[in-house]
Amino acid sequence: TPEELRLWSEYSRSTSKFDNAFEDGKLVQDDAKTLNACYFELGADIDMPVGGMTGVTDGNYGTTDAKYQARHGFNHNDDFLPICGLTTLDNYDYEHTFRGQFDGKGHTIKNLNATSKQNYFGVFGIISTDALVENFDIYGTYHTTYQYAGSVAAYARDERPTIRNVHSYVNIYNTYAGGRQGGILGGALTTTYKTVIENCTYSGTLDGNGATALCAADGSTATVSGGTVKTEGSNYCAAYSKGAGTLNVTGGEVSSDAGAIAATANSAVNVSGGTVTAGGGNYAVVAHEGNATATISGGTINGNVEAGST
């Protein structure tokens, strides 16, 4: 239920033992370290209520403690907070990342609409070693003015966290310069560790709104196959690759008031479909800096082109 999702979020970020957590559908004593490595599954579709978690009574969670209810935010209209969400990697600790398994069982999370007032926003804030998040669709809209946002998870790190079989229709709007958002995953520590994204699709709008909307970095691959990736009112391109990353455009629309897509040093962009548009006479597709490549084999290009290698 929406209330259980919100309760899980609260517990996952707890810094001390608490009296109630989930175990086989019941509430038992536990702590965040144990909870964040557990198995969870969806038993039905979730339709998040407009305006927050209102109308939840004490009886839902087996307590009549009004202070407990107030602490966990069930009687007001706060936005959803990420499961295992942190405000900054400066206070990162392993116990408060998600290292368990979340199986959506083919269900759908609908109307997850939120305005984020912290870094690392998604259903999950930070996923870590051996985490597996899979098998669901998600719809909603995120507005954020901070770093890292992804419809499923904001950030991945440590050994082989995996997101698979997830189909996202979430619109993400970020006004933070260099905010780093992604349709499925906002960002990852890939220089040392491997993150797996498998059989996932994204069909929403990524709007940097003054910042780059999409980046394929550090050996990763990002593919735009539908939806819209754009940034407005800035000198930032809408999408780019860097550090041996590869950006593919096979469908959808990529646009910017400045240059649309770019390959920087040691990276590549490939356009085979969709529409790429740059404003103000800027480059729609460009390869710049050493060992960058830009290849166009299809699609519609509106703007100047500097394809090839540098």
Item to check | Interatomic distance, F124 atom CZ to I126 atom CD1 [nearest 0.5 angstrom] | outcome: 13.0 Å
Checklist entry - If you round to the nearest 0.5 Å, how far is CD1 of I172 from OG of S151? => result 5.0 Å
[X] with [Y], same ILVMFWY side-chain cluster at under 4.5 Å:
X    : Y    : answer
V286 : V229 : no
I83  : V170 : yes
Y283 : V254 : no
Y202 : Y240 : no

Checklist outcome for this item: Heavy-atom nearest pair, G259 first then N282, reads N-CB, 3.7 Å
Checklist outcome for this item: Correct closest heavy-atom pair for L42 and G104 would be CB-O, 3.6 Å
Checklist entry - Taking the side chain from S241 and the backbone from S267, do they hold a donor-acceptor pair closer than 3.5 Å? => result no
Checklist entry - So, N171 side chain and T205 main chain: donor-acceptor pair closer than 3.5 Å or not? => result yes
Output all residues satisfying ring pair (Phe, Tyr, Trp, His ring centres under 6.0 Å) with [X], sequence neighbours left out; order by chain, then residue number.
X    : result
F121 : Y142
H143 : Y173
Y146 : none

If we count only N and O atoms by modelled type, under 3.5 Å, do the side chains of [X] and [Y] hold a donor and an acceptor together?
X    : Y    : value
Q101 : E134 : yes
S255 : T277 : no
D137 : H167 : no

Checklist entry - Where does the angle between the aromatic ring planes of Y169 and Y139 fall among parallel (under 30°), tilted (30 to 60°) and perpendicular (over 60°)? => result parallel
Item to check | is_close_aromatic(F40, F102), centroid dist under 6.0 Å | outcome: no
